[in-house]
Amino acid sequence: MNTRLHYLGSAARIVEPVQHLAILTCMDARVDINAVLGLRPGDAHVIRNAGGRASSDALRALAISQAIMHTREVMVIHHTDCALGRLNQEQLNAQITAASGHQFAEDVGCFTDPIQAMTEDVERVRAYPYLQARDKVRGFIYDLTSNVVTEVPIRD
């Protein structure tokens with residue numbers, strides 16, 4: 001028996017997330033989103049990228065999640081001590097250029113104000129026309145030190 005399928009149990013056979021939830025969050029290894037939210041395999045789609053930003057790729061993934069897998073709620077979760085908040089775009093470009101040996105000049109969404117970044121991302125998700133359910137998009141900040149997730153109130 002495939003031990004991974006055994007571990008997942010019925011979640012391995014369910015295509016649609018049980019909670020009809022999609023989560024956009026940061027790829028930072030310190031953010032164990034399933035543990036933080038008490039999720040089990042099969043509960044939600046988790047879309048991760050640098051900073052948990054609502055990039056074009058993330059928005060397309062959310063569109064697929066809603067259209068094909070019938071998710072109906074989106075949580076955008078940023079966290080404290082994020083590299084995109086610690087570095088500016090110039091510093092990040094220089095570090096990637098130095099590490100790769102190739103000129104890097106792409107905008108990856110660095111920010112100085114985490115609340116403003118969260119607001120921008122929630123607004124971008126809500127404005128994306130290819131999402132069926134844009135009314136249940138909420139923003140959160142996860143504090144790595146206290147292990148607390150706090151909702152950021154964002155007006156419609």
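- Of all non-hydrogen atoms in A22 and L62, the two that sit nearest each other are CB-CD2, 3.7 Å.
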* Tell me, with the steps shown, if I77 and L24 meet side chain to side chain contact (heavy atoms under 4.5 Å, CB included). => CA-CA 6 Å; I77 304 177; L24 172 58; over 6 Å; no
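- V125 has its side chain out of reach of R134: every pair of non-hydrogen atoms, C-beta onward, lies at least 4.5 Å apart.
- Partners of D81 by salt bridge (charged side-chain N to carboxylate O under 4.0 Å, His left out), not counting sequence neighbours, listed by chain and number: R30, R86.
- Listed for the S100 side chain is a donor-acceptor partner under 3.5 Å among the backbone atoms of I96.
- Expressed to the nearest 0.5 Å, how far OG1 of T119 lies from CD1 of I115 amounts to 7.0 Å.
- Legend: residues meeting salt bridge (charged side-chain N to carboxylate O under 4.0 Å, His left out) with E120, ordered by chain and number and at least two apart, are R53.
- Interatomic distance, E106 CD to Q89 CD, rounded to the nearest 0.5 Å: 9.0 Å.
- D28 has its side chain within reach of V31: a pair of non-hydrogen atoms, C-beta onward, lies under 4.5 Å apart.
- Environment of CE in M69: crowded, with over 12 heavy atoms of neighbouring residues, nucleotides or ligands closer than 6.0 Å.
- Under the 4.5 Å side-chain contact rule for hydrophobic residues, I141 and V137 share a cluster.
- At a threshold of 4.5 Å between non-hydrogen side-chain atoms, the residues Q19 and E73 do not count as touching.
- Looking at heavy atoms from C-beta onward, Q116 lies out of side-chain contact with F111 at the 4.5 angstrom threshold.
- Between Y130 and A63 the shortest heavy-atom distance is O-CB, 3.9 Å.
- A pairwise comparison of heavy atoms in Q132 and R72 identifies OE1-NH2, 3.6 Å as the closest pair.
- Contacts classified as salt bridge (charged side-chain N to carboxylate O under 4.0 Å, His left out) and involving residues 87-96 (residues at least two apart or in different chains) are not found.
- Shown here are the salt bridge (charged side-chain N to carboxylate O under 4.0 Å, His left out) partners of R138, two or more places apart in sequence or in another chain: E151.
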* Step by step, work out the side chain to side chain contact (heavy atoms under 4.5 Å, CB included) result for L21 and T71. => CA-CA 5 Å; L21 172 66; T71 57; 5.9 Å; no
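- V152 and M75 fall into different hydrophobic clusters, where Ile, Leu, Val, Met, Phe, Trp and Tyr residues are linked whenever their side-chain heavy atoms come under 4.5 Å apart, directly or through other members.
- Annotation: side chain of I23 is not in contact with side chain of H45 (no heavy-atom distance under 4.5 Å).
- For R60, the salt bridge (charged side-chain N to carboxylate O under 4.0 Å, His left out) criterion is met by D57, not counting sequence neighbours.
- Looking at heavy atoms from C-beta onward, Y142 lies out of side-chain contact with C26 at the 4.5 angstrom threshold.
- The OG1 atom of T25 sits 10.5 Å away from the CD1 atom of I47 when rounded to the nearest 0.5 Å.
- Residues I154 and L59 are members of one and the same hydrophobic cluster, defined by side-chain heavy-atom contacts under 4.5 angstrom among Ile, Leu, Val, Met, Phe, Trp and Tyr.
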* **Derivation and outcome, side chain to side chain contact (heavy atoms under 4.5 Å, CB included), residues V149 and V36** => CA-CA 8 Å; V149 177; V36 168; 3.3 Å; yes
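- Nearest heavy atoms, N49 versus A58: ND2-CB, 3.8 Å.
- Minimum heavy-atom separation, L144 to H79: CD1-ND1, 3.5 Å.
- The backbone N or O of H70 lies less than 3.5 Å from a partner atom in the side chain of H20, making a donor-acceptor pair.
- Nearest heavy atoms, R40 versus D43: N-OD2, 2.8 Å.
- Between T150 and D143 the shortest side-chain heavy-atom distance does not fall below 4.5 Å.
- Contact annotation: the side chain of H78 approaches that of D121 to within less than 4.5 Å [non-hydrogen atoms, C-beta and beyond].
- Applying the side chain to side chain contact (heavy atoms under 4.5 Å, CB included) test to L87 and every residue at least two apart in sequence or in another chain returns Q91, L92, Q95.
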